[in-house]
J.: 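Let me begin by handing over the structure; questions about it come next.
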Amino acid sequence: MLTLTLKSSLTVPLEAECLSPDVLAPLAHVAVRALPVMLGKRQHRLDDHFTVEGDGSDEIELRGDLSKVKWIGRLMTHGRVAITGNAGMHVGAYMKGGTIEVTGNVTDWLGGEMSGGTIHVRGNAGQQLGSAYRGSASGMSGGTIIVGGSAGIEIGMRMKRGLIAVGGPVRDFAGLQMKGGTIVLMSGAELRTGAWMQRGTIISLKPLKLMPTFATAALYNPSFIGLYAKHLARFGFALPTANGGYRRHLGDSSVPGKGEILVWQPTGIA
Amino acid sequence: MSSAVVKHATCTGCGCACDDIEVHTDGARVTRAVNACTLGETWFRDHPADSGEPAARIDGKPAPLADAIALAAEMLHAADLPLIYDHGYSTCEAQREAVALAETVGGVIDSYTSRCHGPSFVATQLVGKVSCTLGEVKNRADFLLYWGCNPAETHPRHTSRYALHPAGKFTPRGRRDRTMVLVDVEETATAKEADQFFRIREGTDFEALSAMVALVKGQAVDERRVAETGFTVEQLRLLLERMKAARFGVMFFGLGLAATRGGHGNVGAAYRLAMELNAFTKFVALPMRQHGNLVGSDMVLRWTTGYPFGVSLSRGYPRYNPGEFTMADLLARGDIDAALVLGSNAATDFANVPTIEIGPKLTPMQSGAVPRVQIATAATGVSAGGTVCRMDDLPMPLRPTLTSPHPIDEAVLKRILAEVRKKPAWYPMRSEAQIA
Ligand code: SF4
């Protein structure tokens, strides 16, 4: 177990892609302390900003308000990063495996272009969860992102595979240009959900304002919802499978795409 | 003071960059700008040869230029994450120096583009774009669709010089050879010129344009949801028929698309529509860029770093991320610890950051948030020469008409750069032992 505590709050963001089990696990205490981090343009040592306890390990605990610390868990393939507090941009970007847990809030690009592993944020997240970086063809291609609170615009932009589930409300363009995978919106979304989607599934438990390029189809209870319900129950999300159905909307016809948006409709409500 | 007349001067009052202005001066200020619109004329008159500003100010007090330059270099060098912000009034030559400075001080560079047509670039990167120059518009376009813009007020000579009225090679009868349609949330002054005006419900451009893309592709749309945009499906179909029937169609869009909610999506939808129409005819989409030389700033950043705005050079190589490296977001999060602002009166945004301001008009003393260092320069286009870019990315040479006592932006930036280069580099240098 390796514990890192942020010494004092930051003004200029700290880029610390070394905070990943892949980098830290093989290192002894002294080597961990000497790892390079970038405070703006300045290269510092990790122990300039963190108190380090223990030797390198697959289990890493980060403490403090890390909302200005970027790139935690970048490219990680295994192990566990537990963040007690907030975290900054690009947490778990390009991640391939392992687990990241955050007790506080995170900001933009959580799990950007990740391909495996699990990220669980208890607080709120920013924009572009699991999205494609600008100029990149695909967003996340595997893995799971769970956010207990709210999220911003463009979650799952160009995602290919994997699961994003958000407990709180999300903003516009959820699943923009989505190519596959699943987004679960426990509290709905603002505008333009599923815009220009090619394939993939967006499930919403709250009514959505849909684009004119979506066609409304059947009300039904697809069997795969049960699988997601079971999986998401572990994170405290209850996906209903009885006393109602899911209204299926198909689009986006401007692509033309074969994506689907499933909106929960309890029995008795038209 | 001697009077003079300069022909074919270029106006940078808006993105049209009209280069047919005849400027009359009395040596101290511009007295007449023949051919310019009122916007352009005001812009010329607003910049006298001597702005009356001191050469430089430090902490609000007049100071020698050399001291101001030395302090500016010191601030940028000492900062962990400085921002170089271009307000879009400088020449391409100065902007090139700004990029070199950003690289040398390991900072972030951004321009006013991130607050206006930045989303149009993100849209281009999302979906691509079909474009052309204004010369082609003049000579070929027989169908003009203005969407979310008001050229009559923001680009007064756009219709008369480039788009609607001029006689072109394939549009010999000028206005009579062209059709113009305007889509906007309100009936603006531009509507008087249009053959047809559509009022769109605010905040539904993305939905309307996406529905049009679907219709062009022969796909179905939901009539009820289309109606929420203010258009009926039938109206969209008829508009599309007109667009398809054009020989050469152009869509001009403004901040009504780019700077409203979901701007990159709105512009992306416009670009997609123009692209899809190329299955039937020639169709392009162009942004109506604004003042000065913002386009030049994007061009310079693109050819030097590969990205149009919001570029971080803090790790020695360019990284681009709107939202992360754009001025408004950096300031909102308080990420930067020094800033250099190129262009006038932009410093109010930077009240909480030690700032260097370079421009023809300095933030006045009574405004509360006076930048740490202020350096007065000559006004681009009036007393400073160089190159600016028109809204269609074409470079236009400037013909300055007055002589300013102040140096040009480019010269000041070069001097700051030279000062910074005398100091030790910020990036980790390999020691002699490591190299051996
Ligand atoms: S249209 Fe624009 S560039 Fe042309 S004269 Fe008017 S303000 Fe100047």
Side-chain angles (χ1 to χ4, degrees), chain A residues 9-15 17 36 38-44 67-68 70 88-90 93 107-109 112 126-128 131-137 152-154 157-158 171-173 176-177 190-192 194-196 209-216 249-257, chain B residues 79-82 105-108 121-122 125-127 203-204 206-229 233 261-262 264-265 268-269 272-273 276 307 310 312-316 320-324 329 333-337 426-428:
Chain A
S9 67
L10 300 161
T11 309
V12 167
L14 186 76
E15 297 185 0
E17 58 272 25
M38 297 295 291
L39 183 77
K41 67 186 182 192
R42 310 252 182 238
Q43 183 174 323
H44 289 185
S67 50
K68 291 237 177 174
K70 295 181 182 177
M89 279 191 196
H90 311 287
T107 60
D108 309 348
W109 303 99
Q127 310 178 353
Q128 288 110 354
S131 292
Y133 281 104
R134 298 288 174 211
S136 179
I153 64 163
E154 282 188 0
M157 187 252 283
R158 291 191 173 178
R171 299 208 51 225
D172 305 357
F173 292 116
L176 177 69
Q177 291 187 319
E190 291 185 18
L191 298 178
R192 299 159 185 178
W196 304 348
K209 188 164 163 38
L210 287 165
M211 295 267 300
T213 43
F214 278 81
T216 301
H249 306 271
L250 280 167
D252 178 323
S253 68
S254 77
V255 177
Chain B
D80 289 331
L81 193 64
V105 300
V108 179
F121 280 105
V122 177
Q125 288 151 359
L126 274 178
V127 301
T204 60
F206 181 77
E207 285 74 7
L209 286 163
S210 295
M212 285 169 85
V213 176
L215 291 171
V216 169
K217 290 185 158 226
Q219 301 291 319
V221 293
D222 186 299
E223 304 220 351
R224 197 172 39 86
R225 291 188 207 121
V226 167
E228 287 169 12
T229 66
V233 175
R261 186 168 176 174
H264 59 307
R272 285 189 61 205
L273 178 60
E276 294 304 335
Y307 306 110
S312 170
L313 291 152
S314 69
R315 293 184 85 160
Y320 162 72
N321 200 6
E324 184 174 3
D329 308 272
R333 287 190 302 264
D335 283 357
I336 52 169
D337 56 355
W426 52 269
Y427 40 84

J.: When rounded to the nearest 0.5 angstrom, what distance separates CG in B/L81 from CG in A/L14?
T.: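 The CG atom of A/L14 is 11.5 Å from CG of B/L81, to the nearest 0.5 Å.
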J.: A quick test of your reading: do over 12 heavy atoms of other residues, nucleotides or ligands sit less than 6.0 Å from CD of B/E228?
T.: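 More than 12 within 6.0 Å, yes.
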J.: Does A/K209, at its NZ atom, have more than 12 non-hydrogen atoms belonging to other residues, nucleotides or ligands within less than 6.0 Å?
T.: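 For A/K209, atom NZ is not crowded (no more than 12 foreign heavy atoms under 6.0 Å).
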J.: Could you look at A/L210 and say if it's the side chain, the backbone, both or neither that has a heavy atom under 4.5 Å from chain B?
T.: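 Answer is both: backbone and side chain atoms of A/L210 are under 4.5 Å from chain B.
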J.: How long is the straight-line distance from OG1 of A/T213 back to CD of B/Q219, given to the nearest 0.5 Å?
T.: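 Separation between the atoms: 10.5 Å.
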J.: If you look at every heavy atom in A/F173 and B/G265, which pair is closest and at what distance?
T.: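 Minimum heavy-atom contact is CZ-CA, 3.9 Å.
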J.: Restricting to non-hydrogen atoms, name the atom on B/D335 and the atom on A/K68 that form the minimum distance, rounded to 0.1 Å.
T.: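 That closest heavy-atom pairing would be OD1-NZ, 2.7 Å.
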J.: Tell me whether A/K41 contacts the main-chain N or O of B/V105 through its side chain, where contact means a donor paired with an acceptor under 3.5 Å.
T.: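 Flag set: sc A/K41 to bb B/V105 pair under 3.5 Å.
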J.: Can you tell me which portion of A/Q177 sits under 4.5 Å from chain B's heavy atoms? Options are side chain, backbone, both or neither.
T.: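 The answer is the side chain of A/Q177.
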J.: Counting only heavy atoms closer than 4.5 Å, note whether B/Y320 contacts chain A via side chain, backbone, both or neither.
T.: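 Side chain of B/Y320 only, per the 4.5 Å heavy-atom cut-off to chain A.
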J.: Quick check on the interface: out of A/M157, A/E15, A/K70, who has the most heavy-atom pairs with chain B under 4.5 Å?
T.: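 Highest number of pairs under 4.5 Å: A/E15.
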J.: Check whether A/M211 gets within reach of chain B through its side chain, its backbone, both or neither, counting any heavy atom under 4.5 Å.
T.: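 The answer is both parts of A/M211.
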J.: Please check: side-chain N/O of B/R225 versus main-chain N/O of A/F214, any donor-acceptor pairing under 3.5 Å?
T.: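 Yes; judged by distance alone, with no hydrogens or angles, the pair exists.
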J.: Out of B/L215, B/V226, B/V216, return the one with the most heavy atom pairs under 4.5 angstrom to chain A.
T.: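 Max contact count across the listed options: B/V226.
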J.: Might you point out which heavy atoms bring A/W196 and B/S210 nearest each other, and give the distance in Å?
T.: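 Between these two residues, the closest heavy atoms are NE1-OG, 3.1 Å.
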J.: With a 4.5 angstrom heavy-atom cut-off, could you sort out which part of A/H249 is near chain B: side chain, backbone, both or neither?
T.: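 When you check distances to chain B, only side chain atoms of A/H249 fall under 4.5 Å.
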J.: Out of B/E276, B/R333, B/R272, B/Q125, return the one with the most heavy atom pairs under 4.5 angstrom to chain A.
T.: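 Looking at each option in turn, the highest pair count goes to B/R272.
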J.: Okay, side chain of A/S253, backbone of B/A214: is any donor-acceptor separation there less than 3.5 Å?
T.: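 No.
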J.: Counting C-beta onward and ignoring hydrogens, is there a side-chain heavy-atom pair between B/S314 and A/M38 closer than 4.5 Å?
T.: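 They are not in contact (no side-chain heavy atoms under 4.5 Å apart), so the answer is no.
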J.: What part of A/Q128 lies closer than 4.5 angstrom to a heavy atom of chain B: side chain, backbone, both or neither?
T.: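 No part of A/Q128 comes within 4.5 Å of chain B.
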J.: Can you find a pair of side-chain heavy atoms, one from A/R134 and one from B/E324, that are under 4.5 Å apart?
T.: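 Answer no - side chains too far apart.
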J.: Using every non-hydrogen atom in the two residues, find where B/K217 and A/S254 come nearest and quote the distance to one decimal.
T.: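 Minimum heavy-atom separation between B/K217 and A/S254: CD-O, 3.4 Å.
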J.: May I ask you to decide if B/E207's main-chain N or O and A/R192's side chain share a donor-acceptor pair within less than 3.5 Å?
T.: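 The answer is no, because no donor-acceptor pair under 3.5 Å joins these two groups.
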J.: I want to check something: taking the side chain as every heavy atom from C-beta on, are A/W109 and B/N321 in contact at a cut-off of under 4.5 Å?
T.: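 Yes, close enough: below the 4.5 Å cut-off.
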J.: Would you mind checking if A/E190 and B/R261 are paired as a salt bridge, meaning a charged N to carboxylate O distance below 4.0 Å?
T.: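 The answer is yes: the pair qualifies as a salt bridge.
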